[in-house]
Amino acid sequence: RPAQAQDVPTVFAAASLTNAFQDIGAAYTAKTGKKVTFSFAASSALAKQLEAGAPAAIFASADNKWMDYTEGKDLTIKSTRVTPIGNSLVLIMPADKAKPVTIDKSFSFADFLGADGKIATGLTDSVPIGIYAKTALTSLGQWDKIKDRVVGAESVRAALALVERGEAAAGIVYSTDAAIAKNVKVVATFPADSHPPVEYPFEIVKGQDTEANRALLAFLSGPEAKAIYEKYGFVVK
Amino acid sequence: MMLTPDEWTAVLLSLKVAFWATVWSLPIAIAVAFLLARTNFPGKGLFDGLIYMPLVLPKVVVGYLLLIALGARGFIGQYLAEWFGIKLIFTTAGATVAAAVVSFPLTVNAIRLALEAVDRGLETAARTLGANRVDVFCTITLPLMMPGILSGALLAIASALGEFGATITFVSNVEGQTRTIPLAIYSATHMPDGDAMAARLVAVSVVLAFAALLLSNLVDRRVRILIGRT
Amino acid sequence: MMLTPDEWTAVLLSLKVAFWATVWSLPIAIAVAFLLARTNFPGKGLFDGLIYMPLVLPKVVVGYLLLIALGARGFIGQYLAEWFGIKLIFTTAGATVAAAVVSFPLTVNAIRLALEAVDRGLETAARTLGANRVDVFCTITLPLMMPGILSGALLAIASALGEFGATITFVSNVEGQTRTIPLAIYSATHMPDGDAMAARLVAVSVVLAFAALLLSNLVDRRVRILIGRT
Amino acid sequence: MIEIDIRIERSSFRLESAFVAPGAGVTALFGRSGAGKTTIIQAVAGVVRPAAGRIVVDGETYFDLERGIDLPIEARRVGYVFQDSRLFPHFSVEKNLRYGERRARGTPFVGFAQVVDLLGIGHLLKRRPHTLSGGERQRVAIGRALLAQPRILLMDEPLAALDEARKLDILPYIERLRDEMRLPVFYVSHSIDEVLRLSDHVVALADGRQVAAGPVSEVMSRPDILPVVGRFDLGTILDCVVARHDPDYGLSTLSFAGGELRVPLVDVKPGAPMRARVRSRDVALALARPEDVSVTNRIPAQVSDIRRIEGPYTDVELAIGASCLHAMVTLESVERLRLAVGMEVWALVKSVAVDSRAASFSAADSPSAPA
Amino acid sequence: MIEIDIRIERSSFRLESAFVAPGAGVTALFGRSGAGKTTIIQAVAGVVRPAAGRIVVDGETYFDLERGIDLPIEARRVGYVFQDSRLFPHFSVEKNLRYGERRARGTPFVGFAQVVDLLGIGHLLKRRPHTLSGGERQRVAIGRALLAQPRILLMDEPLAALDEARKLDILPYIERLRDEMRLPVFYVSHSIDEVLRLSDHVVALADGRQVAAGPVSEVMSRPDILPVVGRFDLGTILDCVVARHDPDYGLSTLSFAGGELRVPLVDVKPGAPMRARVRSRDVALALARPEDVSVTNRIPAQVSDIRRIEGPYTDVELAIGASCLHAMVTLESVERLRLAVGMEVWALVKSVAVDSRAASFSAADSPSAPA
Ligand SMILES: Nc1ncnc2c1ncn2[C@@H]1O[C@H](COP(=O)(O)OP(=O)(O)OP(=O)(O)O)[C@@H](O)[C@H]1O
Ligand SMILES: Nc1ncnc2c1ncn2[C@@H]1O[C@H](COP(=O)(O)OP(=O)(O)OP(=O)(O)O)[C@@H](O)[C@H]1O
Ligand SMILES: [Mg+2]
Ligand SMILES: [Mg+2]
């Protein structure tokens with residue numbers, strides 16, 4: 001089947017884009033009659049696969065770091081980068097315990113979490129949400145005080161599950177995830193200046209810079225797509 | 001219980017991967033178990049250790065190592081592609097390799113235990129009756145270690161059905177090609193309304209596991225009767 | 001090779017988890033293997049199937065199920081906390097449980113194969129000499145199935161050392177509590193500049209695996225000499 | 001007393017057996033390969049469960065279907081010497097021997113040193129079973145069963161793997177167990193010599209049917225036992241009393257109802273009961289008392305029956321007082337001597353051909369010498 | 001011809017043995033438990049590797065340390081009947097039997113039906129080994145070895161688990177293999193009867209040392225063999241020729257250098273060589289030819305030696321023409337008859353007590369009848 005990768009372009013997409021991209025893919029096929037396949041995994045895994053020669057057409061990363069990485073290795077084409085969407089960081093709590101707060105320099109996470117409450121997010125040194133959370137907490141001067149209370153999950157979804165089930169007293173997730181979760185409430189949004197902007201950069205993979213793939217990339221950042229992104233709570237730029 | 005077409009694709013793919021992973025790894029596992037249980041050669045300890053590596057390493061690392069070795073630019077993969085036209089990345093064949101590699105230590109271990117339990121006196125008896133080593137292996141050793149081989153096959157199927165980390169890292173998560181049930185479950189958990197889908201797929205996994213077990217038990221009973229170990 | 005203090009913490013934690021997971025699961029695995037190999041009871045098939053579940057399900061699902069069952073609000077977990085004050089989630093104890101559960105089918109399988117290979121005639125002989133069932137089990141069956149138990153223990157240790165999915169899902173990644181080597185490696189591989197750290201930790205895993213194997217081989221050789229199967 | 005009354009069903013085999021054996025002494029189980037000997041032993045040990053019936057050993061019910069009794073194997077305290085030795089491969093010879101000893105209940109009747117010495121396994125104590133020869137293994141197995149201080153000894157062809165000399169060493173010891181410890185023994189053997197020498201009681205089996213059961217002298221002289229014992233081993237058992245010893249010549253004189261018999265010296269006090277076995281083929285006949293022959297025993301007798309067996313072999317039954325003796329002679333001799341029922345003849349029996357042993361239940365306090 | 005000259009080292013055992021056995025006929029390996037009999041068999045089969053020496057069977061070198069030859073087991077074509085039967089548990093009895101048959105090379109000398117019939121295992125063909133009794137198992141094992149059409153048969157106590165009647169059935173068949181197929185057989189047995197009946201050649205072992213090796217008549221009359229054979233089985237082997245048959249009486253007359261012997265009818269043509277074994281304890285002595293006795297064989301002889309054995313037993317060596325015969329009599333008889341070297345006596349031997357068999361290498365085309 002090696003031919004298939006040529007016929008039908010494969011889009012490497014961060015797992016958090018799963019829903020939106022599937023809908024956009026359907027819309028693309030409906031509009032152009034062309035098929036498109038996706039591979040959803042962690043941005044890091046996808047980057048490593050590109051490095052190993054995976055014949056993907058487009059790489060949609062969940063953060064700039066991994067896009068910079070592939071660019072640096074000359075795997076993706078810098079000039080094609082688009083950043084159509086972003087996200088914001090929110091503090092969530094189990095719905096039954098939720099009470100709105102405001103996060104600023106004087107807000108104490110330690111008091112907020114209580115005696116032994118934990119705060120769930122992604123792995124703070126590798127999963128993007130965790131990295132953002134750590135940066136935000138650090139810039140707020142809170143990281144050193146609560147770093148042993150931070151539990152790092154394998155993905156945003158797993159962090160969400162910990163809060164949903166009340167195992168963690170609170171969580172730091174993307175607004176998109178919070179929007180679809182059932183038993184959690186957003187109690188605060190992190191100040192935008194407490195962390196670098198959360199962005200989803202897309203680029204075409206080296207050697208795949210064809211007319212068709214350009215059209216696909218354009219569609220992924222075009223108006224139809226943006227409507228869908230909005231539906232799933234992304235911040236559309 | 002109704003599955004969506006996508007889910008069916010994942011289920012059928014999982015079955016295919018588990019089946020081929022088992023079929024390919026069994027003979028090799030038997031050969032390796034034989035080497036480990038019956039022979040001595042320099043570097044055997046190292047070899048023995050290597051066999052257990054896929055078990056001891058995080059599956060993601062196993063996948064990553066596979067990627068490095070067998071990817072399109074991998075030090076083995078590039079020749080596979082060049083000489084034989086075999087492409088593993090993104091393909092079902094690659095998913096099969098990942099599943100086979102991860103289950104390999106389990107299969108070898110089960111077969112090895114069974115092999116060590118075979119009475120060597122019977123093998124000697126067969127040789128005095130004119131059977132050479134290969135003949136003895138096929139007619140005496142192999143049938144007598146059948147329960148172990150079956151058990152190894154069951155472990156291989158089960159672990160292939162559950163394999164996630166190495167697969168997604170090595171061959172990514174491509175629908176219809178490499179998206180087996182576990183990967184579909186992973187994707188489902190990243191969808192807002194994915195919980196029901198995840199639950200359905202978990203249920204399918206469980207059913208498949210029971211089916212495999214049932215089948216293996218049936219075969220096992222027959223085998224045991226055949227080899228007189230009832 | 002120098003490890004950072006964080007890495008040392010992960011290595012020591014991994015050893016601790018693997019050790020305790022093995023120590024706790026072995027006796028239970030022996031009991032379960034005995035039930036499966038030697039007894040018949042209604043629902044045995046179901047029981048047998050359940051044993052294989054942790055193998056067949058994606059480890060992340062296993063972790064999620066553990067979370068549902070044993071979390072602080074879990075249907076078992078809440079009583080564990082209430083009655084015994086046992087907290088598993090986010091603790092090393094929880095990581096141990098995850099590792100034990102995932103390796104359980106492997107351990108049971110190895111022990112079961114070994115148990116089935118024990119000559120029942122020897123057990124009968126021991127009973128005619130005045131030993132009751134328990135006595136026979138301890139003095140005859142157990143020693144004779146030692147190679148299988150060792151093999152099961154090795155599998156348990158190896159798979160505990162490599163366990164990732166269930167652990168991170170169940171008890172998350174808490175530095176010094178649940179951050180075992182695989183979790184550290186996972187983190188490292190997800191960092192653009194983590195390759196060196198990942199390689200170091202993989203090397204440590206490999207060394208540990210070889211050490212475990214070496215130890216098990218040494219013990220195995222002694223055991224085999226003791227039970228006269230050289 | 002041992003009562004057996006059982007029915008056992010196996011896929012292609014059905015066994016029925018009922019007999020009462022004395023509570024001390026050796027009961028031989030006899031029969032061709034596949035007759036069901038091992039199966040009976042297994043039922044007594046509790047390894048095989050009868051489909052019906054009961055097994056009572058020394059007042060203790062091992063099995064009784066109707067009363068719902070089925071003692072577990074370990075509670076039966078049987079010393080089982082298996083047809084295959086079944087030594088524990090993970091123990092040294094010494095530990096194998098000690099296994100039963102440590103679990104024995106009641107006062108021990110036999111000690112470790114004694115058993116090791118007798119079986120000649122002292123040099124093997126530190127060895128592992130898989131390094132032993134076939135006979136060495138079997139000797140250790142016998143020792144292990146004995147040291148468990150059993151209530152009954154079940155021996156399934158225990159000596160088949162042993163050489164004659166070793167057999168002759170061990171037989172007196174089994175006799176001693178039988179006589180001194182009053183330990184009942186069930187003994188399976190294909191060797192008539194062994195059986196006749198050891199047994200008080202015989203159960204003969206054929207294809208799962210019990211052909212005969214009873215005291216050895218009774219069963220062994222039944223003509224329907226011939227196919228089992230073989231022609232050469234037909235013989236008569238004479239119940240005797242030790243009359244006197246003649247140590248100079250190494251002979252003892254036994255008296256039986258009807259005459260006397262001189263046999264190699266037996267280590268039993270005068271007055272004690274003895275049993276002597278005279279094989280038919282060792283008895284010659286003479287019409288007049290022959291002088292100047294080496295044959296020591298020349299006993300007047302009367303021909304009571306003459307029966308053709310097969311080929312040249314003819315069985316001549318002799319009445320000697322109240323006793324009975326069989327001679328096997330050729331047809332040619334019968335005609336040449338014109339033997340006929342009622343004739344007076346002399347039975348010639350060489351001393352060296354007589355097997356004699358202390359009768360069981362005797363007060364004898366030492367084992368009989370090898371005959 | 002079979003040449004053995006080997007040294008074998010085991011952890012606590014060292015065996016040295018060197019002998020030449022005829023290329024057809026039975027060579028008995030003899031010795032007490034643990035002497036090294038099985039070890040020699042294993043070396044011939046290739047299961048145990050000698051530390052030094054050579055093994056040549058029928059011109060084919062199985063092992064030669066110096067020439068670096070060590071034939072693999074399967075190329076040796078030995079029919080090995082193991083001390084434990086080693087049937088394949090996953091095959092039916094029939095498949096066990098066929099296993100070797102299907103792999104046999106050369107022209108088969110024995111057929112499936114023939115073997116099944118002889119061993120009486122026809123009703124077992126569909127059974128699994130684990131449902132067989134001890135003796136049944138061993139019979140199947142013998143059949144399996146035979147059907148592999150081996151170049152040499154290695155039998156390690158093959159009949160120990162069998163009953164007398166079955167033994168008597170199988171022995172003539174082994175004799176037939178020996179005589180008709182000229183198949184060499186190495187035979188380990190503790191039964192002197194079996195060995196004497198079957199063997200042409202004996203190798204006696206003790207603790208790994210070869211005590212004696214040679215033709216059976218030579219080795220078995222050596223006095224240092226006594227501890228191995230046991231007192232009761234001492235005897236003489238007479239090389240005879242069949243003189244005539246007397247079917248009416250069921251007797252045959254054999255002539256040997258010095259006299260004649262009447263024995264139960266043998267199924268061998270007149271003129272053919274035979275071997276007769278007369279046990280010492282079956283020979284009585286008379287000073288004058290006794291008339292009117294049932295003893296058929298009364299042979300004039302001269303006392304050539306008198307030796308005390310032990311207890312009352314005395315061995316009297318007789319010269320009968322060029323032949324020699326031993327009688328075991330009591331000390332008392334020696335004194336009573338005033339026996340002395342040089343005296344003329346009559347040896348009395350009952351026909352029914354003589355074991356006779358076709359001598360090996362004979363042209364006999366049918367097995368001898370059971371003696
Ligand atoms: N694997 C082994 N390792 C060490 N010693 C052994 C081994 N096998 C046998 N022996 C020893 O070698 C000696 C000879 O053994 P072998 O089996 O040849 O005896 P055997 O003459 O056949 O005796 P038996 O009549 O009891 O079968 C014995 O002392 C035995 O203990
Ligand atoms: N597990 C079994 N299943 C079915 N049949 C069996 C089983 N074990 C034994 N038999 C059969 O039962 C019969 C009696 O067997 P048993 O072992 O009692 O014979 P035995 O008299 O001891 O013979 P041997 O002298 O050959 O040892 C045989 O015909 C045998 O084939
Ligand atoms: Mg038996
Ligand atoms: Mg032997």
Side-chain angles (χ1 to χ4, degrees), chain B residues 26-27 30 33-35 37-41 110-153 216-230, chain E residues 38 41-42 44-48 62 71-93 95-106 108 127-132 137 140-156 186:
Chain B
L26 261 193
I30 293 173
F34 191 85
L35 282 182
R38 292 290 178 82
T39 64
N40 249 323
F41 51 90
I111 296 176
R112 183 183 185 171
L113 278 178
L115 182 57
E116 282 168 354
V118 170
D119 179 359
R120 310 216 37 190
L122 295 175
E123 299 182 354
T124 306
R127 292 192 65 198
T128 66
L129 293 167
N132 61 33
R133 281 171 198 278
V134 176
D135 191 354
V136 169
F137 183 77
C138 296
T139 55
I140 307 296
T141 320
L142 209 55
L144 288 178
M145 63 198 256
M146 256 311 153
I149 293 178
L150 262 178
S151 166
S216 127
N217 276 354
L218 279 181
V219 180
D220 189 60
R221 202 156 313 149
R222 276 200 63 77
V223 163
R224 266 162 215 282
I225 290 172
L226 277 176
I227 69 170
R229 276 216 337 223
T230 33
Chain E
T38 299
I41 296 265
Q42 285 175 333
V44 175
V47 177
V48 157
Y62 280 8
L71 274 199
I73 303 176
E74 65 271 22
R76 298 189 179 201
R77 295 187 49 213
V78 297
Y80 193 158
V81 182
F82 295 86
Q83 210 164 352
D84 47 336
S85 54
R86 300 205 189 167
L87 298 183
F88 304 132
H90 57 306
F91 290 153
S92 65
V93 165
K95 278 207 170 169
N96 265 282
L97 293 169
R98 298 274 190 203
Y99 193 90
E101 191 188 33
R102 207 166 306 135
R103 285 163 182 80
R105 269 156 298 180
R127 296 263 287 274
R128 297 259 154 205
H130 73 274
T131 70
L132 302 182
R137 258 196 291 274
V140 175
I142 294 174
R144 188 178 65 173
L146 284 179
L147 284 168
Q149 319 290 343
R151 185 149 54 189
I152 179 173
L153 203 54
L154 305 174
M155 309 189 87
D156 199 349
F186 272 20

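The structure displayed is predicted, hence computed values, not measured ones. Throughout, a chain's letter reflects where its sequence line sits, starting with A, and its residues are numbered from 1.
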Legend entry - Partner set under side chain to side chain donor-acceptor pair (under 3.5 Å) for Arg103(E), not counting sequence neighbours: Asp135(B)
Inset, instruction - Under 4.5 Å heavy-atom distance to chain B, tell me which part of Ala145(E) shows up: side chain, backbone, both or neither. - result: backbone
Legend entry - Verdict with supporting geometry, Phe82(E) and Thr128(B), side-chain contact (heavy atoms from CB on, under 4.5 Å): CA-CA 10 Å; Phe82(E) 295 86; Thr128(B) 66; 4.2 Å; yes
Legend entry - Set of side chain to side chain donor-acceptor pair (under 3.5 Å) partners for Ser216(B), sequence neighbours left out: none
Inset, instruction - Could you please state which residues from residues 146-154 of chain E sit under 4.5 angstrom from chain B, measuring non-hydrogen atom to non-hydrogen atom, sorted by number, or 'none'? - result: Ala148(E)
Legend entry - Verdict with reasoning, Leu129(B) to Glu101(E), per side-chain contact (heavy atoms from CB on, under 4.5 Å): CA-CA 8 Å; Leu129(B) 293 167; Glu101(E) 191 188 33; over 6 Å; no
Legend entry - Counterpart residues, ring-ring contact (aromatic ring centres under 6.0 Å, His included), relative to Tyr62(E) (two or more places apart): none
Legend entry - Exercise: do Tyr99(E) and Thr139(B) side chains pair donor with acceptor under 3.5 Å: yes
Legend entry - Partner chain B: residue of Ala75(E), Gly79(E), Gly100(E) with the largest heavy-atom pair count (under 4.5 Å): Gly100(E)
Legend entry - Distance, nearest 0.5 Å, that separates CG of Asn132(B) from CD1 of Ile73(E): 11.5 Å
Inset, instruction - Please name the pair of heavy atoms, one in Pro143(B) and one in His90(E), separated by the smallest distance, quoted to 0.1 Å. - result: CB-CD2, 3.3 Å
Legend entry - Closest-packed option against chain B by number of heavy-atom pairs under 4.5 Å, given Arg144(E), Arg102(E), Arg77(E): Arg144(E)
Inset, instruction - Could you tell me which portion of Arg86(E) (side chain, backbone, both or neither) has an atom closer than 4.5 angstrom to a non-hydrogen atom of chain B? - result: both
Inset, instruction - Answer yes or no: is there a side-chain heavy-atom contact under 4.5 Å between Phe91(E) and Ile140(B)? - result: yes
Legend entry - Interatomic distance, Arg76(E) atom CZ to Arg127(B) atom CZ [nearest 0.5 angstrom]: 9.5 Å
Legend entry - Top contributor to chain B contacts, counting heavy-atom pairs under 4.5 Å, from Val47(E), Asp84(E), Val78(E): Val78(E)
